[in-house]
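Each remark here refers to the structure printed beneath this line.
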Amino acid sequence: MSEKQHNIDKKSAEVIGAGLAEVWPRDNLQHSRSDWLAEEVPVALVYNGISHVVMMATPKDLEAFAIGFSLSEGIISSPTEIYGIDIHPACEGIEVHVELSSRRFMGLKERRRAMAGRTGCGVCGVEQLEEIGKPIDALPFSQTFNLNHLDTALRQLGDFQPVGQLTGCTHAAAWIRPDGNLTAGCEDVGRHVALDKLLGLRSRADWGAGAVLVSSRASYEMVQKAAMCGVEILFAVSAATRLAVEVAQRSNLTLVGFSKPGRAMVYTHPQRLIGG
């Protein structure tokens with residue numbers, strides 16, 4: 001067992017979403033050892049008794065995930081439109097039962113999409129291509145961020161990836177305060193799920209000004225989710241796609257890619273950023 005594995009017991013690992021497995025290292029195929037793997041389970045979001053989507057996810061922070069997904073997909077406009085959330089083990093996975101207001105549930109039924117099995121694709125299950133792009137209200141220009149504080153945030157990102165520290169296979173999404181310190185963060189095997197979890201937490205907290213930092217690339221859907229939830233600045237550790245840049249431009253979101261120590265590439269709306 002590696003040094004990092006000595007620092008956490010099995011019970012604690014299960015709480016954060018990791019489990020042990022037998023592995024054979026390349027340089028010693030005759031002798032196995034134990035290693036930590038991230039948990040990945042089917043999570044079904046069930047709205048008012050009707051299953052809407054099944055996602056592969058790390059089984060923690062699922063209430064925040066349900067809220068964030070509902071907001072970022074336009075199913076609700078406020079957490080107050082959710083009357084209750086119950087989480088139940090089911091069929092080798094987990095069902096998250098969400099009780100919506102009658103008005104929101106009627107709206108969901110009218111535009112319901114079959115998106116079973118989606119981990120990071122906004123097209124899977126969409127019946128018509130024109131449904132991909134959601135209408136997004138143009139964001140205000142109320143936030144600013146000093147790029148000199150970005151390195152502070154990058155140094156702290158791993159603190160919100162306990163499963164990632166053990167396994168090396170999760171993504172993280174975190175909220176950066178203007179001084180560069182991270183208020184909160186979420187992780188998951190899916191980058192979109194990690195972002196939804198963070199957006200769900202943020203919807204019920206008063207974190208004030210700031211921006212989102214994600215450990216992944218910035219796909220169009222990451223940008224769309226952030227903009228749908230009123231996020232004005234999105235930092236991605238990796239690159240952005242062309243469609244992501246187009247969505248960010250249209251929605252007035254400041255999109256920054258290749259966010260590394262001492263480096264960043266601003267794709268859209270640099271007027272929110274100062275320093276360098």
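Below, each value reflects all heavy atoms present in this structure, side chains not excepted, and no hydrogens, waters or symmetry copies. All residue numbers refer to positions in the sequence shown, counting from 1.
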Say whether [X] and [Y] are linked into one hydrophobic cluster, either directly or through other cluster members, by side-chain heavy-atom distances under 4.5 angstrom.
| X | Y | result |
| --- | --- | --- |
| W207 | L253 | yes |
| V212 | V245 | yes |
| I136 | L195 | yes |
| L139 | L198 | yes |
| I82 | F105 | yes |

[atom1] of [X] to [atom2] of [Y]: how many Å apart, nearest 0.5 Å?
| X | Y | atom1 | atom2 | answer |
| --- | --- | --- | --- | --- |
| I85 | L62 | CD1 | CG | 10.0 Å |
| S216 | H192 | OG | NE2 | 7.5 Å |
| F65 | D196 | CZ | CG | 5.5 Å |
| E39 | D188 | CD | CG | 12.0 Å |
| E246 | T241 | CD | OG1 | 8.5 Å |
| S72 | I67 | OG | CD1 | 12.0 Å |

For this session: List the steps and the verdict of side chain to side chain contact (heavy atoms under 4.5 Å, CB included) for V231 and R202.
Result: CA-CA 10 Å; V231 174; R202 176 176 175 260; 3.8 Å; yes

Smallest separation among heavy atoms of [X] and [Y], with atom names:
| X | Y | answer |
| --- | --- | --- |
| V96 | A66 | CG1-CB, 3.8 Å |
| C169 | A38 | SG-CB, 3.4 Å |
| G275 | N148 | CA-ND2, 3.8 Å |
| L255 | A248 | CB-CB, 3.9 Å |
| G262 | D151 | N-OD1, 3.1 Å |
| A138 | N252 | CB-ND2, 3.7 Å |

Within the distance-only criterion (no hydrogens, no angle test), does the side chain of [X] pair as donor or acceptor with the backbone N or O of [Y] below 3.5 angstrom?
| X | Y | result |
| --- | --- | --- |
| Q143 | R272 | no |
| T268 | Q249 | no |
| S215 | H171 | no |
| S259 | A236 | yes |

For this session: Starting from the C-alpha separation in whole Å, work towards a yes-or-no answer on side chain to side chain contact (heavy atoms under 4.5 Å, CB included) for S70 and R104.
Result: CA-CA 10 Å; S70 301; R104 284 299 178 181; over 6 Å; no

For this session: Please state whether the rings of Y267 and F258 are parallel, tilted or perpendicular, taking 30° and 60° as the class boundaries.
Result: tilted

Problem set entry | Geometric class of the H269/F141 ring pair [parallel <30°, tilted 30-60°, perpendicular >60°] | perpendicular

Are any of the side-chain heavy atoms of [X] and [Y] separated by less than 4.5 Å?
| X | Y | value |
| --- | --- | --- |
| E22 | S34 | no |
| K109 | N48 | no |
| R191 | V214 | no |

Exercise. Hydrophobic clusters join Ile, Leu, Val, Met, Phe, Trp and Tyr when side-chain heavy atoms are under 4.5 Å apart, directly or via other members; which others share one with L154?
Worked result: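 F145, L147, L150, L157, F160, I176, L182, L213, I233, F235, V237, V256, V266, L273, listed by chain and number.
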
Problem set entry | Whether over 12 other heavy atoms sit under 6.0 Å from Q271 CD |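 Yes - once you tally the heavy atoms of other residues, nucleotides and ligands closer than 6.0 Å, there are more than 12.
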
Exercise. So, are K60 and E187 salt-bridged, with charged N and O less than 4.0 Å apart?
Worked result: yes

Exercise. Between K225 and E73, is the closest basic N to carboxylate O distance under 4.0 Å?
Worked result: yes

Problem set entry | Residue pair T152, D179: steps toward the side chain to side chain contact (heavy atoms under 4.5 Å, CB included) verdict | CA-CA 8 Å; T152 299; D179 64 0; over 6 Å; no

Exercise. Stepwise, does the side chain to side chain contact (heavy atoms under 4.5 Å, CB included) test hold for F69 with V193?
Worked result: CA-CA 8 Å; F69 179 89; V193 179; over 6 Å; no

For this session: For Q156, check side chain to side chain donor-acceptor pair (under 3.5 Å) against everything at least two apart and list the hits.
Result: N181

Exercise. In this structure, which one of L100, I76, L71 forms a side chain to side chain contact (heavy atoms under 4.5 Å, CB included) with E81?
Worked result: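 Result: among L100, I76, L71, I76 is the only option passing the side chain to side chain contact (heavy atoms under 4.5 Å, CB included) with E81.
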
